[in-house]
Amino acid sequence: MLNALMKIAYRYIMRELLGPMLFGVAAFVSILLAGKQLMDLTRLAFEGVAFLDVAKLFLLALPPTVVFTLPMSMLLATLLGFGRMSGDSEMVAMYAGGMSLYRAAVPVVFLSLIVTGVTIVLNEKVVPWSLSTANDLRDRVEGQVKSQNEVEIRLPQYRGDKLVGIVRATFFNPRTGEMRGVSSVDYKNGEPVRVTYGASAIRKDDFHWTLRNGWTTDPRPDSSAPRAGFPEATLTIQQTVDEIRGQSKRISEMSMAELREQMKVYSRTGQVSKMAEAETAWWNRWSVPFASVVFAAIGLPLGLRPQRASGGLGLGLSIVIIFVYWVVWNSATRLGGYGTVSPFAAAWSANILGIGIGAALLTRAPK
């Protein structure tokens, strides 16, 4: 009999959470998109960009926005759902029927884990694609790139964590692996000591390219070495063709698998600062979805207070908690990207703090 009552109570609590959850997604997405994103889209529309392209940019902006709003909505759902039930004494009735606070938390934990899973899938499968597609489309409509298949690249070369050279190419074709307008600058103690240029470059193997129709010179003012031309020469580049293809992607556009591959490149080439940024981004792919569980742990005990039953108060309290959480998370993420703190600590510090606060509130919540 008790188990049957618990199932009914669980379904009832779940229904009370789903309504505010959906409302929160819609509200927070509207708030976040109503800022710079909407202003940029309006500017493009007035500058004569086709309506279909503007609409595509708007739709492509939704997945990354939803990823951030799902944890926020979980907090709002627990505050409003339990606030209403507590204010109407429904929680008192459930307690009288044999339900404890921790049993009442079961549907909250279940829903927060579902939201966490959905967020991870969106982060891995949808968000990188939407960001990459949106950036390509925005570049196209604003005339910032020349061709989808030909992009300018810049490849720093390292010895340990010390920059020893930079290879640039005016054009790189990801499909054929051909580069044009290739220049290589070698550095010693921060000073350029040799410049090599080739009209084109063809890959010989993973790390060696054949430069054609080029020249090399010593750019130092006190050098008397003349410019020397060559029909062919070998250029060593630390990055493979696949890694060079990945150079055109921003870290936010990479999936977790691509981030892991990029971290291998940074580790092999000694790019410590880039390694810290990529590793922090990788841990954030887990920590941001888990914020749903954190907000649920905070929202449940706060929602049980009758004075929180007001929808306006619940929304206001949600905004305050979210603001504090994201300030901590964003600050820690920046420190992690700079290498000041470990990437794991940077990504998870806000969640650890939130779980601690939620646990403390749960011990003091009305039973």
Side-chain angles (χ1 to χ4, degrees), residues 10 13-14 16-29 31-32 66-87 90-91 94-95 99-120 283-284 286-333 345-367:
Y10 289 162
I13 292 173
M14 187 68 73
E16 288 296 315
L17 294 176
L18 285 176
M21 179 83 191
L22 296 176
F23 165 76
V25 172
F28 288 126
V29 166
I31 292 171
L32 292 178
V66 169
V67 162
F68 280 99
T69 59
L70 283 173
M72 301 178 190
S73 303
M74 191 68 229
L75 172 62
L76 183 64
T78 53
L79 284 172
L80 295 187
F82 279 91
R84 193 205 65 77
M85 289 187 292
S86 182
E90 292 180 3
M91 292 306 301
M94 290 185 187
Y95 292 157
M99 174 175 279
S100 67
L101 170 64
Y102 302 106
R103 284 193 173 186
V106 170
V108 180
V109 173
F110 179 72
L111 181 59
S112 67
L113 290 176
I114 291 177
V115 173
T116 298
V118 170
T119 308
I120 289 174
W283 280 115
N284 276 332
W286 297 100
S287 65
V288 171
F290 191 77
S292 299
V293 178
V294 175
F295 286 151
I298 296 174
L300 172 59
L302 290 177
L304 288 173
R305 302 172 185 270
Q307 64 268 30
R308 304 298 185 198
S310 165
L313 284 175
L315 181 59
L317 186 59
S318 297
I319 292 174
V320 171
I321 295 172
I322 290 164
F323 175 77
V324 173
Y325 177 92
W326 291 118
V327 165
V328 173
W329 174 81
N330 188 59
S331 301
T333 295
W348 285 93
S349 58
N351 283 344
I352 293 171
L353 176 63
I355 286 293
I357 293 173
L361 291 173
L362 279 171
T363 60
R364 303 180 62 181
K367 303 295 193 291

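Side chains are part of it too, since the values below use all heavy atoms of this structure and drop only hydrogens, waters and symmetry mates. Everything numeric in this text was worked out from a predicted model, so none of it was measured. In what follows, residues are counted from 1 in the order of the sequence shown.
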**OP:** Compare every heavy atom of V294 with every heavy atom of G354, then report the nearest pair and how far apart it is.
**Re:** CA-CG1, 3.6 Å

**OP:** Measure the CD-CZ distance between E90 and R84 for me, rounded to the nearest 0.5 Å.
**Re:** 4.0 Å

Subject >> Nearest non-hydrogen partners of I355 and A297, listed with the distance >> reply: CD1-CB, 4.5 Å

**OP:** Supply the atom-to-atom distance L75 CG to Y325 OH, rounded to the nearest 0.5 angstrom.
**Re:** 11.0 Å

Subject >> Flag for N284-S287: side-chain donor and acceptor within less than 3.5 Å >> reply: yes

Subject >> Minimum-distance pair of heavy atoms, taken over all atoms of P301 and G358 >> reply: CG-O, 4.4 Å

Original post:
Which heavy atom in N351 sits nearest to a heavy atom in A291, and how many Å separate them?
Top reply: OD1-CA, 3.8 Å

**OP:** Would you please test M21 and L70 for side-chain contact (heavy atoms from CB on, under 4.5 Å) and show each step?
**Re:** CA-CA 8 Å; M21 179 83 191; L70 283 173; 4.0 Å; yes

Subject >> More than 12 heavy atoms from other groups under 6.0 Å of CH2 on W286 >> reply: no

Subject >> CA sep, side-chain torsions, deciding dist, call: I321, F295, side-chain contact (heavy atoms from CB on, under 4.5 Å) >> reply: CA-CA 9 Å; I321 295 172; F295 286 151; 4.2 Å; yes

**OP:** Please round to the nearest 0.5 Å and tell me the distance separating atom OG1 of T116 and atom CG of L111.
**Re:** 9.5 Å

Original post:
Roughly how far apart are I114 CD1 and M74 CE, rounded to 0.5 Å?
Top reply: 9.5 Å

**OP:** Rounded to the nearest 0.5 Å, what's the gap from OH on Y10 to CE on M94? Could you check?
**Re:** 11.0 Å

Original post:
What is the distance from atom CE of M72 to atom CG of L32, rounded to the nearest 0.5 Å?
Top reply: 5.0 Å

Original post:
Looking only at heavy atoms, which two atoms of V108 and A296 are closest? And how far apart?
Top reply: CG1-CB, 3.6 Å

**OP:** Can you see which heavy atom on V288 is nearest to which on P71, and at what distance?
**Re:** O-CG, 3.7 Å

**OP:** Check whether any side-chain N or O of S331 sits under 3.5 Å from a backbone N or O of V328 as a donor-acceptor pair, and report yes or no.
**Re:** no

Subject >> Heavy-atom side-chain contact between L17 and F82 under 4.5 Å >> reply: yes

Original post:
For V25, does its backbone N or O pair with a side-chain atom of S73 as donor and acceptor, under 3.5 Å?
Top reply: yes

**OP:** Start with the C-alpha gap between F28 and F68, add the side-chain angles, then the distance that decides, and say whether side-chain contact (heavy atoms from CB on, under 4.5 Å) holds.
**Re:** CA-CA 9 Å; F28 288 126; F68 280 99; over 6 Å; no

**OP:** Give a yes or no answer on whether the side chain of S292 reaches the backbone of V115 with a donor-acceptor pair at less than 3.5 Å.
**Re:** no

